[in-house]
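Have a look at the structure below before the remarks.
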Amino acid sequence: MPNHASRRNLLAAAAAAAATAVGAVAATSGPARTAAVDARNPEEPAGRRPDPARLRHAVDRMSLAEKVGQLFVCRAYGHSATDPDPADAEENRAQFGVRTAAELVSRYHLGGIVYFAWAHNTRTPQQIAALSAGLQQAALTTGSRIPLLLSTDQEHGAVARIGKPATLFPGAMALGASGSAADARRAARIAGAELAAMGIRQDYAPVADVNVNPANPVIGVRSFGSDPQAVAELVAAQVRGYQGAGVAATAKHFPGHGDTETDSHVGLPVMRHTRAAWEELDEPPFRAAVEAGVDAVMTAHIVFPALDPSGDPATLSRPIVTGILRERLGFRGVVVTDALDMAGVRQKYGDDRVPVLALLAGCDQLLNPPDLPLAHRSVMAAVASGELAESRVEESVLRILELKARRGLFDEIRPSAQAVEATVGVRGHLDAADRIAAATTTLLANPGGLVPLDAGAAPRLLVTGTDPVSPTAGTGPPTVVLARELTALGCRAAAVAPARAAAAAPGHAAVLVCTYNVPEEGGTQRTLVADLLATGVPVILVALRNPYDSARLPACAAELATYSWGDAEMRAAARVLTGAARPEGRLPVPVPGRYPLGHGLTLDT
């Protein structure tokens with residue numbers, strides 16, 4: 001069961017911390033660079049200045065079907081715009097009545113496509129660039145000839161749709177542990193440059209939720225932390241970083257998803273904050289994003305009774321989207337829904353009503369409806385019946401075109417193999433990721449001074465524990481990567497399966513146990529740690545994701561939090577463990593019953 005007392009403590013701690021259509025709408029400045037970023041100088045122009053008269057002319061030339069199509073951002077199956085694998089072609093045919101992604105764009109006049117690994121869009125950077133080029137070609141040779149806004153969820157850390165050889169950075173909570181706005185901005189600037197090289201010009205990041213609930217099943221380490229002011233600073237830094245690279249940042253999930261106990265992918269969460277608590281805890285990061293000029297804000301599929309007592313999820317709430325986001329915060333950019341195939345937005349209304357209600361609430365982009373043909377027909381019918389004014393549709397289309405113009409889509413060359421080669425995963429970017437990760441590892445406990453390990457004596461180490469599936473296509477499971485990195489630093493480390501760990505432990509200088517989302521009660525991870533402690537061999541806990549793991553397990557000889565389990569984070573942990581680097585991270589969230597907000601040891605503490 002969730003620990004409500006612990007959640008209240010977290011809330012209190014956080015409060016205390018407080019010619020063609022393309023030519024017709026071309027922007028006024030030249031094309032942006034697509035090249036490797038000098039990590040020492042992340043400053044770039046914020047974007048182009050759209051010409052309102054030309055944008056208005058472009059909208060006036062569209063049919064209603066083309067205007068409605070611009071509102072939708074949809075998935076498409078396959079690695080190629082025109083030549084998908086047979087299984088992907090069949091999936092496109094079953095869901096959309098077309099064979100290819102290019103045909104999907106043409107039939108529905110789509111405003112955007114969202115890339116997913118599970119839709120087989122993201123095999124390699126070169127393939128992604130070719131897919132992007134093919135999709136843009138389809139958009140520019142049919143209908144109103146408006147370029148697509150290609151998007152993905154590349155938050156880094158726990159959520160990353162594009163893996164190696166792209167550069168992979170620590171996630172939000174790890175960056176929160178470093179506390180460096182400069183590092184947060186630099187990571188976003190480099191990540192944005194790599195996305196732009198692949199043709200992706202909207203990233204559904206950064207997460208602006210303030211995570212004050214250890215039981216939150218969907219946000220957690222995707223948040224920068226529990227201190228609203230610290231989160232606000234890092235959100236603004238990442239907005240400037242992404243958009244400096246020519247990629248639209250998207251602050252999410254408005255009005256705040258950080259204190260929920262239900263995953264909106266599978267249910268409808270309820271936020272119990274009062275209006276005053278929302279203003280103090282949840283509002284600051286979104287206000288900071290708006291003040292930083294964020295291009296887009298994503299809504300949350302959550303019920304927030306203090307902001308709207310109707311019981312409608314925020315995505316469908318006019319008091320929240322229009323009344324608070326637009327009027328109170330003054331946001332004039334694009335409001336994108338969270339994915340419309342998620343259970344949280346589908347429980348109260350049918351799939352035919354959800355897109356119409358989202359537009360009536362004030363949203364602009366309709367992301368990934370479960371049934372695109374039905375959703376498109378429903379919006380068209382709502383306009384025909386007068387429920388939805390065509391002028392309201394045009395407002396959203398204008399905002400979307402402004403965003404596309406601001407990010408250079410009307411005057412920029414399509415992605416190329418050369419741009420990918422020069423930008424994605426280059427040595428300077430990889431080195432920057434390692435430097436940024438080095439400041440995130442948090443040493444939580446070291447009562448006997450076991451850390452740093454004496455690598456010069458080549459100690460025998462056993463590495464075991466949970467190996468979560470990597471969201472970033474790293475070079476191996478985290479236990480294997482950690483053992484490899486420790487060996488490279490002079491230790492003799494071997495990874496072993498949990499079932500064999502206790503029997504293999506004797507004779508080792510220490511056992512490192514990697515944990516991942518330890519439950520509050522029971523579970524095999526608790527049993528594993530207890531069995532290892534019973535061997536008498538010193539046990540070092542490495543919390544791979546949630547730092548809350550340390551409070552749910554017996555005290556160990558040393559405890560570290562890495563907040564993510566990619567290669568860069570494992571290298572950083574190995575360096576701290578061996579004394580090759582000093583631990584610099586500080587907890588961006590309190591660990592109830594164990595460590596306060598801001599806790600973190602140094603090797604001479």
Side-chain angles (χ1 to χ4, degrees), residues 2-3 155-160 163 168 170-174 176-177 211 213-223 261 263 265 437 440-445 462-486 495-502 511-533 539-556 558-574 576-577 585 587-589 591-592 594-595:
N3 187 330
E155 297 174 13
H156 292 266
V159 177
L168 300 166
M173 192 170 285
N211 199 82
N213 188 348
N216 194 318
V218 67
I219 303 301
V221 295
R222 297 168 63 196
S223 164
E261 295 170 357
D263 183 346
H265 292 84
T440 65
T441 304
T442 306
L443 181 60
L444 299 174
L462 201 64
V463 184
T464 190
T466 299
D467 275 322
V469 175
S470 172
T472 53
T475 58
T479 57
V480 173
V481 174
L482 183 56
R484 183 188 70 209
E485 296 298 330
L486 288 166
V496 64
R500 297 173 46 222
V511 178
L512 289 83
V513 58
C514 296
T515 64
Y516 182 89
N517 290 2
V518 174
E520 292 195 28
E521 297 178 2
T524 59
Q525 295 185 82
R526 290 173 180 273
T527 302
L528 172 62
V529 172
D531 290 347
L532 292 173
L533 289 169
V539 175
I540 300 174
L541 170 69
V542 181
L544 294 178
R545 183 166 176 158
N546 286 332
Y548 310 119
D549 286 2
S550 64
R552 298 169 181 174
L553 293 166
C556 296
E559 298 174 3
L560 281 80
T562 64
Y563 312 97
S564 189
W565 56 102
D567 287 8
E569 290 86 353
M570 294 300 96
R571 280 193 293 272
V576 166
L577 286 165
L587 278 174
V589 294
V591 176
R594 188 68 69 92
Y595 306 116

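From a predicted model like this one, the values you see are computed outputs, not experimental measurements. Sequential numbering from 1 along the given sequence is applied to the chain's residues. Only this structure's heavy atoms are used, side chains among them; waters, hydrogens and symmetry mates stay out.
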To check you understand the geometry: which heavy-atom pair defines the closest contact between [X] and [Y], and what is its length?
X      : Y      : value
Asn546 : Gly220 : OD1-CA, 4.5 Å
Leu587 : Tyr595 : CD1-CB, 3.5 Å
Val463 : Thr479 : CG1-O, 3.6 Å
Met570 : Trp565 : CE-CA, 4.0 Å
Ala573 : Leu482 : CB-CD1, 4.4 Å
Ala177 : Thr442 : CB-OG1, 3.9 Å

Side-chain touch Thr466/Cys514, heavy atoms, less than 4.5 angstrom: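 Answer no - side chains too far apart.
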
Would you say Thr524 and Pro498 make side-chain contact, with heavy atoms under 4.5 Å?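 No - every pair of side-chain heavy atoms lies 4.5 Å or more apart.
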
Find the distance between [atom1] ([X]) and [atom2] ([Y]) and round it off to the nearest 0.5 Å.
X      : Y      : atom1 : atom2 : answer
Cys556 : Leu444 : SG    : CG    : 11.0 Å
Ile540 : Leu532 : CD1   : CG    : 12.0 Å
Thr562 : Met173 : OG1   : CE    : 12.0 Å
Arg545 : Arg222 : CZ    : CZ    : 8.0 Å

Under a plain distance cut-off of 3.5 Å, with no hydrogens placed, do Arg552 and Thr515 share a side-chain donor-acceptor pair?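 The answer is no; no qualifying pair exists.
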
Checking Ser564 against Val221 for the side-chain contact (heavy atoms from CB on, under 4.5 Å) test, could you report, in this order, the C-alpha distance in whole Å, the side-chain angles of both residues, the deciding distance, and whether it holds? CA-CA 8 Å; Ser564 189; Val221 295; over 6 Å; no

Run the side-chain contact (heavy atoms from CB on, under 4.5 Å) test on Thr441 and Leu560 for me, step by step, so that the C-alpha distance in whole Å, both residues' side-chain angles and the decisive distance to 0.1 Å come before the verdict. CA-CA 7 Å; Thr441 304; Leu560 281 80; 3.7 Å; yes

Indicate yes or no for a side-chain donor-acceptor contact from [X] to the backbone of [Y] under 3.5 Å, with no hydrogens or angles considered.
X      : Y      : answer
Arg484 : Val480 : no
Thr464 : Ala495 : no
Gln525 : Tyr516 : yes
Asp567 : Val481 : no

side-chain contact (heavy atoms from CB on, under 4.5 Å) for Leu553 and Glu559? Distances and angles first, verdict last. CA-CA 11 Å; Leu553 293 166; Glu559 298 174 3; over 6 Å; no

Derivation and outcome, side-chain contact (heavy atoms from CB on, under 4.5 Å), residues Val518 and Val529: CA-CA 11 Å; Val518 174; Val529 172; over 6 Å; no

